Amino acid sequence: MSRLAVQRVFAMDEARFGLKVTHRRLWCPFGSRPPWTHEHQYHWFWLYAAVEPVSGTCLVLFLPHVDGLCFERFLEELRRHTGSDPIGLVLDNSGSHSSGKVHWPEGIAKIPLPPYSPELNPAERWFEALRRVFANAVFDTLDDLEAALTEALRPYWQNPAKLQRLVGYPWWCGAVTGLSNTAPPI
């Protein structure tokens, strides 16, 4: 990463949230069935998220699709959010990320993860925590879901240290902190 001459590194991923929720185990009285409420509609949106594990800084957008156009819109917002300093963006090898049609803003360096390694992406850890909050929940509309998801995200925005504790893998933070202690590339 020091070859990229970046001082900040973000991890990015997308997660689908919709009216059809995941079920998790529930405690209920012996002999009775759990009250599985569910929605049969297949309506959803995608949460695009970039997190900086060292500081807990994040950016999220709710977008309708996972495609090159939405990804490019996210990259533009990330560039506005981070300013003009060069940054690294760690992401998986999704087709929307690696499409030659996506215009990458100046100063964002793409750092691809090895194939089939979601456990290396700190953003995935954040999605796991959010999915636990919404398991077994039912929403009438996508607007209701978006409002609830915004409220679930708010504590992380208001207290970046909370997000840093969740996604700040020690090996990641040590490697990125070491970037600022090295001399710039020649």
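None of the values given here were measured: they were computed from a predicted structure. Scope of the values below: all heavy atoms of this structure, side chains included, with no hydrogens, waters or symmetry mates.
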Q. Can F71 and W104 be said to form a ring-ring contact (aromatic ring centres under 6.0 Å, His included), step by step?
A. CA-CA 10 Å; F71 181 59; W104 283 73; 5.6 Å; yes
Q) Which is it for Q7 and D85 under the side-chain contact (heavy atoms from CB on, under 4.5 Å) test, yes or no, and what are the steps along the way? A) CA-CA 8 Å; Q7 297 297 315; D85 292 338; over 6 Å; no
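Counting non-hydrogen atoms of neighbouring residues, nucleotides and ligands closer than 6.0 angstrom, the CD atom of E106 reaches no more than 12 such neighbours.
Screening I108, V90, I87 for a side chain to side chain contact (heavy atoms under 4.5 Å, CB included) with F10, the sole residue that qualifies is I87. Each of L78, V9, V6, T82 was checked for a side chain to side chain contact (heavy atoms under 4.5 Å, CB included) with L89, and the lone residue meeting it is L78.
Atom CG of L142 sits about 11.0 Å away from atom CG of L149, to the nearest 0.5 Å. Once rounded to the nearest 0.5 Å, the distance linking CH2 of W126 with CG of D13 reads 12.0 Å. Interatomic distance, E76 CD to H81 NE2, rounded to the nearest 0.5 Å: 15.5 Å. Expressed to the nearest 0.5 Å, how far OG of S94 lies from CD of E14 amounts to 5.5 Å. Put simply, CG on L145 and CG on D140 are 11.0 Å apart, with the number rounded to the nearest 0.5 Å. Atoms CG and CG, from L91 and L113 in turn, are 7.0 Å apart once rounded to the nearest 0.5 Å.
Electrostatic pairing of E128 and R125 does not count as a salt bridge here, judged by no charged N lying under 4.0 Å from a carboxylate O.
Shortest non-hydrogen contact noted between P114 and N93 is C-ND2, 4.1 Å. I111 approaches G88 most closely through the heavy-atom pair CD1-CA, 3.9 Å. What you find for P53 and P122 is that their closest heavy atoms are CG-CG, 3.7 Å. Between A152 and L130 the shortest heavy-atom distance is CB-CD2, 4.1 Å. Scanning both residues, D67 and C70, for their nearest heavy atoms gives OD1-N, 2.8 Å. Scanning both residues, A129 and Y156, for their nearest heavy atoms gives CB-OH, 4.1 Å.
Although no hydrogens or angles enter the test, the distance criterion places no donor-acceptor pair under 3.5 Å between the side chain of R16 and the main chain of V66. At least one donor-acceptor pair under 3.5 Å links the side chain of H97 to the backbone N or O of D92. Between the side chain of E72 and the backbone N or O of H103 there is at least one donor-acceptor pair closer than 3.5 Å.
Ring geometry for F74 versus Y48: interplanar angle of 30 to 60°, hence tilted.
Linking ILVMFWY side-chain heavy atoms closer than 4.5 Å, directly or via other members, places F62 and F134 in a single hydrophobic cluster. By the rule that hydrophobic residues join a cluster once side-chain heavy atoms approach within less than 4.5 Å of another member, L61 and L69 end up as members of separate clusters. Each of L120 and Y116 belongs to its own hydrophobic cluster when Ile, Leu, Val, Met, Phe, Trp and Tyr are linked at side-chain heavy-atom distances under 4.5 angstrom.
Each salt bridge (Lys or Arg N to Asp or Glu O under 4.0 Å) pair with one or both residues in residues 48-58, not counting sequence neighbours, appears once here: R8-E52. Judged as a salt bridge (Lys or Arg N to Asp or Glu O under 4.0 Å), the pairs with a partner in residues 152-169 (not counting sequence neighbours) are, in order, E151-R154.
Seen from the ring of F17, R131 counts as a face-on cation partner, given the 6.0 Å and 45° thresholds.
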